[in-house]
Amino acid sequence: MESRAAVDDAALGREAWSVLDANSTGAATVPAPGLYPHQWNWDSTFVAIGLARWDTRRAGTELLSLLAGQWHTGMVPHIVFQPAHEEVYFPGPAIWRSTEHRAAPHGVCTSGLTQPPLQALALWWVWRHAADRDTAAALVRRIYPMLVAQHGYLTTSRDLGGGGLAAIVHPWESGMDDSPVWDAPLEALPPVRRAYRREEPSQWQPDSHHDRYMALVLGYRDSGYDPAYLRDEHPFAVEDPMFNGIWLASCQALAELAPVAGADAGPHREAAERIRAALLDRLWADGAFRVRDLRAGRLSSIRTVGSFGPMLDAGLPADRVAELVVTLESASFMGAAGYPVPSCEIRAPQFDRSCYWRGPSWVNTNWLLRRAAAVHGLAGLVRVLGSQTLRLVRQAGFRECFDPFDGSGRGSRDFSWSAALTLDLLADTVEC
């Protein structure tokens with residue numbers, strides 16, 4: 001007789017499929033209905049990961065749809081705009097003006113920023129779990145050159161500190177938009193004009209972080225998206241451990257995929273080794289990986305969920321892994337929260353359990369840390385992160401994020417990556 005838990009898991013899986021079907025445009029999956037009507041880089045890639053064990057073709061279509069927005073430089077943009085909703089979301093194509101840039105794709109409107117280069121890890125996840133090996137191999141051969149170009153872009157255009165790490169040039173590139181680690185770099189910017197604002201003046205918050213976000217966008221756009229401008233003039237340049245930890249893991253994924261594509265794995269392994277050395281040399285301090293503000297020349301004092309990103313590296317030294325696990329399981333993170341993993345350390349003055357990346361728990365970062373735990377054979381941590389993340393969605397639904405103390409849902413409902421990654425977490429126990 002089928003157990004009640006199995007029945008409940010099957011029902012949860014069906015609900016997850018319903019969310020993904022409702023949010024599908026046919027080729028891509030939008031993050032959530034209403035507020036997010038376009039294709040976001042990180043979101044779409046997590047959707048592909050969640051689909052990998054269940055539907056190889058749809059996972060591949062998700063990645064290919066995103067990569068249709070790839071620039072000739074290799075940059076994969078953080079938004080690919082859906083034509084029917086171009087002006088629904090701000091800032092839309094009229095702000096980014098990608099079509100005026102010769103390196104942008106023809107006939108596709110995109111942003112001019114990127115996000116964590118998770119696509120190679122996602123492609124490897126699809127390859128690893130595909131039942132149809134021929135379909136998966138064809139997908140790898142098609143996408144592999146695009147991802148090599150993406151990694152080349154990060155190496156040639158984003159090593160702004162000269163130490164072997166990729167720098168982000170806007171908080172949106174981190175995927176963790178309003179994390180408190182961006183506060184100091186943003187507050188160091190000069191006062192900004194707000195001529196672009198479309199809200200009523202009574203709604204303006206003078207010189208807010210959002211104004212500075214837009215000032216960064218406009219400055220980079222007006223430079224013609226020039227890499228030299230990023231290096232020499234752009235006021236926000238930060239080396240982020242999560243972004244670079246994902247890049248390292250994606251280098252390792254490309255090394256695994258290279259033989260399928262008929263390519264040499266050696267350069268990807270060498271790149272992973274260089275990034276690992278740079279992470280340890282440049283971002284490790286006082287038992288954790290920290291954000292480095294290249295303009296101020298200092299490391300952040302705040303630890304966030306991003307501090308654990310380099311644990312995705314199977315080659316990270318065991319003593320560093322042990323220190324990170326102690327921190328993760330301490331009262332600063334999992335030890336004091338009811339649910340994993342607070343996006344900012346609980347003891348920080350900036351912690352806010354209700355404000356997006358300043359405190360709440362997210363299914364996608366829980367999934368990444370669960371993957372990191374698996375890479376290092378931490379079976380107990382794998383079980384806790386998996387079971388407690390499923391507990392969140394069973395209790396509150398497929399929400400954008402969750403209160404780490406009581407598990408209540410925050411942000412948008414029917415959020416795609418929460419639904420997709422739930423499918424991945426359920427995959428070992430029930431057929432959905």
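Quick note: residue numbers are just sequence positions, from 1.
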Run the ring-centre check on [X] versus [Y] and record whether the distance is less than 6.0 Å.
X	Y	result
H129	W124	no
Y36	W40	yes
W367	W417	no

What is the minimum heavy-atom distance between [X] and [Y], and which atoms define it?
X	Y	result
P342	V305	O-CB, 3.9 Å
D43	P31	OD2-CB, 3.5 Å
T45	A122	CG2-CB, 3.5 Å

Lys/Arg N to Asp/Glu carboxylate O, [X] vs [Y], below 4.0 Å:
X	Y	result
R410	E400	no
R53	D424	yes
D414	R399	no
E173	R158	yes
R276	E273	no

_Taking the side chain as everything from C-beta on, heavy atoms only, tell me whether M242 gets closer than 4.5 Å to I246._
yes
*List the steps and the verdict of side chain to side chain contact (heavy atoms under 4.5 Å, CB included) for E329 and L381.*
CA-CA 9 Å; E329 294 180 338; L381 186 55; 4.0 Å; yes
*Inspect the surroundings of CZ in R128 and state if more than 12 heavy atoms from other residues, nucleotides or ligands are less than 6.0 Å away.*
yes
*What is the ring orientation for Y220 with Y229, classed by angle as parallel under 30°, tilted 30 to 60°, or perpendicular over 60°?*
parallel
*Only pairs at least two apart or in different chains count here, so list each ring pair (Phe, Tyr, Trp, His ring centres under 6.0 Å) that has a residue in residues 379-401.*
none
*Test D21 against R58 for salt bridge (Lys or Arg N to Asp or Glu O under 4.0 Å), laying out the working first.*
CA-CA 11 Å; D21 288 342; R58 183 168 172 182; 2.8 Å; yes
*Test item: side-chain donor near acceptor, S300 and D293, under 3.5 Å*: no
_side chain to side chain contact (heavy atoms under 4.5 Å, CB included) partners for Q350, two or more places apart_ = P180, D183, I302, A348, R358
*For P77, which residues count as a side chain to side chain contact (heavy atoms under 4.5 Å, CB included) partner, sequence neighbours excluded?*
W71, M75, V80, T110, S111
